Amino acid sequence: MASHHESILREPLITGKDITYRRISDEVLLPVENKPNKAWWIGFTVAVAGALLWVVSISYTFWYGIGAWGLNKTVGWAWDITGFVWWVGIGHAGTLISAVLLLFRQNWRNSINRSAEAMTIFAVICAATYIIAHMGRPWLAHFVFPLPNQFGSLWVNFNSPLIWDVFAISTYFSVSLLFWYIGLLPDIATIRDRATGLKRRIYSILSFGWTGSVKTWQRFEAVCLILSGLSTPLVLSVHTIVSFDFATSVIPGWHTTIFPPYFVAGAIFSGFAMVQTLLLITRKVLGLENYITMFHIESMNKIIVLTGSIVGVAYLTELFIAWYSGVEYEQYAFLNRISGPYAWAYWCMMTCNVITPQLFWFSKIRTNIAVSWVLSIVVNIGMWFERFVIIVTSLHRDYIPSSWAMFYPTWVDIGLFIGSIGVFFTLFLLFIRVLPSVAMAEVKLLVKSSSEQSKKALIEKGVLKPEEVEYYKESLTKFDSVNQADYAK
């Protein structure tokens, strides 16, 4: 029945011939059931080295206080909040791919949603470390929650956007973790059934007694749809609330109503870029080219160019509003960004976020794996510079020239940021070692409708018009996982 709704003109979501349910399980679970290869060990060693740098930097910060950072009386926020907002933004693609695309019945999400969801969770963990570190007294971190009065005075100020952050991000993390884990249940059960000994017992506990019955699948699909409905508003609300940290202040360059939609578009922009960065390496190292195809890569590049264009329009809108407002402080804030001492950061931001993504308008670049990988890294560099420009250049020169000051990062600032990247990749590499990086149960749904072999069967039966076949074959020339010789027959 499913094949009735699938057009032959649509590019396949699974490539390769002789694709069976067993083969999908074998190929996806290869890194889980076997010893890691050399490439994984090299990546893990580098990531752990970065994580150790984070441990050293965070320990030094806790011991000496945030005076170890490059902050001063004028710039009270710098790399810490830059890193926090950057990591929260990166975590947005996972929920968008999992929830929004599921509600819109976009089946191309099936191969990439698992890794994107895991990336969301790890990115939010990295963001949370910045919040705790910036408190100065991390042992009092629990006071950000509305505690019962038995703990003493109620310290939470519900009028503060920083408290809104706590509730938004904790909710986002909880729902994302639940969504990710529930989606894992059928795949964990598959690992359980293939494992033996202690490994089987561990995965039996993690699978929560999954039986694979019709009723189980019905409840699984219903819960996934409910969580998708809950998660979709979070995609918009979380980074909107993060933007309120700035938009509700009176600092020139921050006090603007464009921040909420602008931050959301930027979050999706950077999140998809990070998904692209991770998956292009993962598909090659783990041999998943048949499941993460050129169609997925091109689709994500299209979203990157769309959201990058939205971010570019937001940049120009900010400049126009600053000029049109007639407020000299606002005008100077943007003039300072463009031509002041941090102008180099501003132009790096504009180049990486506005100009570079426009290269994806060209099909050959969208379908070039090496170029796509490099550009995805460039986008995330640009998004980090965006947060740095918004935060530091707005603070270091505000209303009173006598208080102007420059911010210079210390080795602790740099160590915390590089270290957080190490923590992120350490968690991701451990994830692909113990859990499937591709949602097997969801990919198997596509075999009879959206796979290359199902479409090839229609061609062999001769039920298609010659022009349809030629159009389809032409679309496959960009696929690096398609054997073109098969179609010559």
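Excluded from the calculations below are hydrogen atoms, water molecules and symmetry mates; all remaining heavy atoms, backbone and side chain alike, are included. Keep in mind the model is a prediction, meaning the values are calculated, not measured.
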Q. Does the separation of the ring centres of F246 and W77 fall below 6.0 angstrom?
A. yes
Q) Are D480 and R283 ion-paired here, with the side-chain N under 4.0 Å from a carboxylate O? A) yes
Q | Heavy-atom closest contact (N110 atom, A439 atom, distance) | A | O-CB, 3.8 Å
Q.
Under the side-chain contact (heavy atoms from CB on, under 4.5 Å) test against Y346, which residue among T351, N336, V389 passes?
A. V389
(Q) Using the ring centroid of each side chain, check whether W323 and F320 are separated by less than 6.0 Å. (A) yes
Q: Check W347, F385, F388 against Y342 for a ring-ring contact (aromatic ring centres under 6.0 Å, His included) and give me the one that passes.
A: F388
Q) Is there a donor-acceptor contact under 3.5 Å linking the side chains of S437 and T282? A) no
Q: State, to 0.1 Å, how close C224 and I182 come at their nearest heavy-atom pair, and which atoms those are.
A: SG-CG2, 4.3 Å
Q: Could you verify whether a donor N or O on one side chain and an acceptor N or O on the other, from H296 and T293, lie under 3.5 Å apart?
A: yes
Q | Nearest atoms (heavy-atom pairs only) where I97 meets A116 | A | CD1-CB, 3.8 Å
Q.
Filter on salt bridge (Lys or Arg N to Asp or Glu O under 4.0 Å), then keep only pairs touching residues 103-131, sequence neighbours left out; what's left?
A. R109-E442, R114-D187
**Q.** Pair W254 + F259: ring centers closer than 6.0 Å
**A.** no
Q: Indicate the atoms forming the closest heavy-atom contact of V28 with P31, along with that distance.
A: O-CD, 3.4 Å
**Q.** Pair N72, H396: side-chain N/O donor-acceptor within cut-off below 3.5 Å
**A.** no
Q) So, F425 versus F44, ring centres under 6.0 angstrom or not? A) no
For residues 132-141, please give each side-chain donor-acceptor pair under 3.5 Å, one per line with the distance, not counting sequence neighbours.
{"residue": "H134", "atom": "NE2", "partner": "D80", "partner atom": "OD2", "Å": "2.9"}

Q: Report yes or no: does S57 contribute a side-chain atom to a donor-acceptor pair with the main-chain N or O of W54 at less than 3.5 Å?
A: no
Q. Counting distance only, does the side-chain N/O of S376 pair as donor-acceptor with the main-chain N or O of Q276 below 3.5 Å?
A. no
Q. Okay, side chain of S98, backbone of T95: is any donor-acceptor separation there less than 3.5 Å?
A. no
Q: Mind listing the closest non-hydrogen atom pair of G94 and T120 along with its distance?
A: CA-OG1, 3.0 Å
Q) When you look at S420 and W87, which way does the side-chain hydrogen bond (donor to acceptor under 3.5 Å, both in side chains) test go after all the steps? A) CA-CA 9 Å; S420 67; W87 279 119; 3.1 Å; yes
**Q.** Donor + acceptor pair across side chains of W384, T82 (<3.5 Å)
**A.** no
Q. Are Y130 and W79 close enough that their ring centers fall under 6.0 Å?
A. no
(Q) For P436 versus F431, what's the shortest heavy-atom pair and its separation? (A) O-CZ, 3.8 Å
(Q) Please confirm whether the ring centroid of H239 lies under 6.0 Å from the ring centroid of F263. (A) yes
Q.
Classify the ring geometry of Y172 against H92: parallel below 30°, tilted from 30° to 60°, perpendicular beyond 60°.
A. tilted
Q: Verify whether one side chain among N107 and S450 offers a donor that lies under 3.5 Å from an acceptor in the other.
A: no
Q: Might you confirm whether atom CZ of R433 has over 12 heavy atoms from other residues, nucleotides or ligands at distances under 6.0 Å?
A: yes
Q. Judged by modelled atom types alone, do T61 and W69 share a side-chain donor-acceptor pair under 3.5 Å?
A. yes
Q | N/O donor-acceptor pair under 3.5 Å between T307 side chain and I304 backbone | A | yes
(Q) Under the criterion side-chain hydrogen bond (donor to acceptor under 3.5 Å, both in side chains), I'd like the reasoning laid out for T74 against R397: C-alpha separation, chi angles, the key distance, then a yes or no. (A) CA-CA 8 Å; T74 301; R397 289 181 175 177; over 6 Å; no
Q. Is there a side-chain contact (heavy atoms from CB on, under 4.5 Å) between V275 and M119 once you walk through the steps?
A. CA-CA 8 Å; V275 170; M119 186 195 75; 3.4 Å; yes
(Q) Whether the side chain of N353 engages the backbone of G308 through a donor-acceptor N/O pair (distance < 3.5 Å, no angle test) should be reported. (A) no
Q: For this output row, return yes or no: ring centroids of Y329 and Y332 closer than 6.0 angstrom.
A: no
Q.
Can you confirm whether more than 12 heavy atoms, excluding those of W41, are under 6.0 Å from its CH2 atom?
A. no
